[in-house]
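Below is one structure; the comments refer to it alone.
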Amino acid sequence: MASALWDWLVEPFQYAFLVRAIWVSAFVGLVCAVLSCYITLKGWSLMGDAISHAVVPGVVVAYALNIPFAIGAFVFGFGATVAIGYIKSKTRLKEDAVIGIVFTGFFALGLVMITKIPSNVDLFHILFGNVLGISRSDIIQTLIAGCLTLIVILLRRKDLLLYCFDPNHAKAIGLRTGVMYYTLLSVLALTIVAALQTAGIILVISMLVTPGSIGYLLSDRFDHMLLYSVGSSVFSCVFGTYLSYHFDLSTGGTIVVVLTGLFILAMIFAPKYGILAQALRQRLSSGQASPTPYSPDEESNIMADHP
Amino acid sequence: MPTPSPRFDIAVDNVSVTYNNARLALYNASCTVEPGTITALVGPNGSGKSTLFKSIMGFLQPNQGRVRVGGLPVQKAQKRQLMAYVPQADEVDWNFPVSVFDVVMMGRYGYMNLLRIPSPKDRRLVMESLERVGMVKYRDRQIGELSGGQKKRAFLARALAQEGKVILLDEPFTGVDVKTEKRMIDLLLQLRAEGHTILISTHDLASISTFCDRVILLNRTILAEGNTADTFTKENLEMTFGGLPLTKLHQVFDGVEVQAS
């Protein structure tokens with residue numbers, strides 16, 4: 001009986017394509033989780049969403065020109081952020097409006113191109129990812145984009161964190177904040193390119209926001225936040241890919257459902273910032289509070305007593 | 001006997017700033033912060049104090065005019081680590097996962113190599129700065145877990161660790177208890193004695209004449225500047241705070257005279 005269950009559990013691992021898919025998605029989970037900490041702290045979730053949608057025309061163009069999809073995707077993703085920055089500085093529009101206009105414009109252009117330009121781009125795979133059927137060249141591109149991201153973050157992690165925390169101080173000590181801005185945008189675009197095959201453009205934003213948010217709820221030290229983020233993300237990618245094969249589910253969808261489940265757990269049970277812990281603290285402190293509520297009269301009395 | 005370090009002035013020359021919504025925040029502002037002084041920047045809310053600070057620090061580009069620090073353009077002065085800035089409390093994300101020690105260490109980044117790996121000297125200066133503001137025992141706290149006064153002291157320690165010769169403090173005494181305010185003023189007086197140039201913006205009119213050498217009065221433009229005794233007068237304050245009921249100003253001003261005597 002036990003051995004039958006065991007066989008059932010390990011059966012998927014006989015397939016090289018599945019093992020490969022699990023490795024690739026774990027790697028993507030790692031890259032997304034690391035960047036996720038910076039993106040959530042900087043408040044750039046919407047920017048991530050914008051870039052992920054804006055890469056679509058790049059993928060189509062890349063296939064049409066027969067160049068690696070990662071290059072086309074990166075050029076268009078990064079181009080969208082430049083366009084956003086330019087329009088924002090030249091018009092009186094607010095940033096969220098500009099982001100909305102630019103990313104839907106790019107995305108729509110991509111849709112139109114897919115239907116007109118002959119290529120074997122499968123819209124469904126772009127939208128929702130296809131890690132179980134990932135090709136060798138796609139894996140190589142994912143690895144290159146992901147490794148580039150990790151290297152850049154590893155080398156510039158302190159400056160990027162300072163830039164997220166206090167860009168004014170970065171400027172005051174003579175650092176070039178413009179360079180940091182574009183560095184963070186570039187690695188964001190690179191990460192999205194890396195995650196394209198795993199999560200697809202619709203769900204990649206989840207992998208860029210949720211792990212960092214889990215870490216942020218669980219700790220107020222950055223290195224711990226990073227660990228929680230990477231842990232939850234890699235676990236979700238591995239477990240989600242495995243489940244999706246076993247039960248014949250959408251891979252990107254399963255990964256994000258698992259990840260969101262972890263987020264809900266963290267949100268409720270986080271030791272300090274969880275809903276339960278906060279409710280408990282509130283109850284404790286209201287129990288200890290002095291029975292007389294604050295009244296403005298008391299304060300004026302104190303003032304009157306003062307010479 | 002330490003050799004006297006060079007002193008640096010701030011020269012603001014005809015600076016005007018208009019924000020995106022076409023509101024003129026500052027016009028034709030010209031003033032000088034004399035080297036080695038503590039200078040107070042005084043004006044009502046919305047008078048452009050923060051705008052002038054941001055122009056001096058290069059956080060925003062004035063539409064017109066220029067700022068020099070020690071004769072250098074602001075960017076050059078910043079590259080030489082001449083300028084430190086202590087932000088207002090509401091400009092900081094207090095939920096950010098950094099400790100007091102991390103924040104003070106950020107004052108040293110400009111001296112480090114590209115990887116920002118702290119040297120023993122960086123660590124020593126961070127600890128010394130924490131000690132000067134009395135924050136050593138709070139160094140591992142996340143910054144949101146500090147009281148109002150401790151928060152200010154943490155960022156003051158960052159400015160000390162940076163060893164900037166010109167220090168700008170934006171509303172350093174808001175949300176700070178009297179005891180901490182007094183300690184901070186003592187520290188500012190020490191820094192002045194070491195040759196630092198200090199510019200503070202403040203609402204707290206009562207304490208100005210106790211420690212500020214010079215005063216700059218601001219309401220959209222520079223209304224007056226000079227020695228505290230000559231400039232910080234009832235007439236000038238009434239002109240600057242024109243909107244305030246005069247009786248309230250008299251109280252403030254009487255308070256000043258009592259403290260000064």
Side-chain angles (χ1 to χ4, degrees), chain A residues 37-38 40-43 88-95 98 151-180 183 212-229 270 272-273 303 306-307, chain B residues 19-22 53-54 56-60 74-88 91-99 101-103 105-118 140-145 155 158-159 161-164 166-168 170 258:
Chain A
C37 292
Y38 294 90
T40 46
L41 288 175
K42 184 73 189 155
K88 202 184 120 201
S89 69
K90 292 291 171 192
T91 65
R92 59 200 296 266
L93 293 172
K94 295 208 167 68
E95 187 172 33
V98 178
I151 290 168
V152 170
I153 294 182
L154 186 70
L155 293 178
R156 312 296 298 140
R157 63 188 187 282
K158 294 201 174 163
D159 282 15
L160 290 177
L161 196 65
L162 168 61
Y163 175 64
C164 293
F165 174 58
D166 192 350
N168 277 347
H169 177 68
K171 213 165 205 167
I173 60 175
L175 306 184
R176 283 181 297 176
T177 46
V179 174
M180 296 179 186
T183 306
S213 304
I214 292 173
Y216 186 64
L217 286 176
L218 289 176
S219 176
D220 41 32
R221 283 186 49 182
F222 184 75
D223 44 354
H224 290 181
M225 175 179 169
L226 197 63
L227 284 178
Y228 287 122
S229 175
K272 193 165 159 198
Y273 301 110
M303 296 298 274
H306 213 263
Chain B
Y19 284 120
N20 272 347
N21 52 13
F53 262 47
K54 289 186 173 118
I56 292 173
M57 291 304 296
F59 300 158
L60 58 81
V74 172
Q75 265 192 320
K76 276 217 173 106
Q78 287 171 335
K79 282 230 154 59
R80 295 189 191 176
Q81 304 302 326
L82 292 181
M83 298 170 73
Y85 175 68
V86 179
Q88 262 186 69
E91 282 174 23
V92 177
D93 175 4
W94 297 107
N95 291 317
F96 205 92
V98 285
S99 68
F101 187 88
D102 297 334
V103 167
M105 188 58 91
M106 285 172 183
R108 302 293 307 164
Y109 279 16
Y111 296 99
M112 298 178 193
N113 63 15
L114 276 181
L115 292 177
R116 316 289 175 214
I117 295 167
D140 291 326
R141 287 255 182 111
Q142 193 264 333
I143 51 170
E145 294 171 341
F155 278 84
R158 181 174 76 176
Q162 194 194 333
E163 300 181 294
V166 175
I167 304 178
L168 280 78
D170 202 354
V258 170

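Just so we're on the same page: letters track the sequence lines, and every chain starts at 1. Source: prediction; values computed, not measured.
- Two residues are said to be in side-chain contact when any heavy atoms from C-beta on lie closer than 4.5 Å; A:R156 and B:L114 meet this criterion.
- With a 4.5 Å cut-off on non-hydrogen atoms, A:R92 does not touch chain B at all.
- Looking at every heavy atom in both residues, A:L162 comes nearest to B:Y109 through CD2-CD2, 3.6 Å.
- Residue A:C37 does not touch chain B at all, counting heavy-atom pairs closer than 4.5 Å.
- Of the listed residues (A:H169, A:R157, A:H224), the greatest number of heavy-atom pairs within a distance under 4.5 Å of chain B belongs to A:H169.
- In this structure the side chain of B:F96 reaches within 4.5 angstrom of the side chain of A:L41, judged on heavy atoms.
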Below 3.5 Å, can you tabulate the donor-acceptor pairs from side chains in residues 74-84 of chain B to any protein atom, sequence neighbours excluded?
residue	atom	partner	partner atom	Å
B:Q78	NE2	B:M57	O	2.6
B:Q81	OE1	B:Q162	NE2	3.3
B:Q81	NE2	A:I173	O	2.8

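- We find the NZ-CG distance between A:K171 and B:L60 to be 8.5 Å, quoted to the nearest 0.5 Å.
- Shortest non-hydrogen contact noted between A:L155 and B:L115 is O-CD2, 3.4 Å.
- The closest side-chain heavy-atom distance from B:N95 to A:Y273 is not below 4.5 Å.
- Taken to the nearest 0.5 Å, the CG atom of A:D166 stands 6.0 Å off from the CZ atom of B:F155.
- Here the shortest heavy-atom pairing between A:D220 and B:E145 reads OD2-OE2, 4.1 Å.
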*In sequence, state the C-alpha distance, the side-chain angles, and the governing distance for A:L175 and B:R116, and then conclude on side chain to side chain contact (heavy atoms under 4.5 Å, CB included).*
CA-CA 12 Å; A:L175 306 184; B:R116 316 289 175 214; 3.5 Å; yes

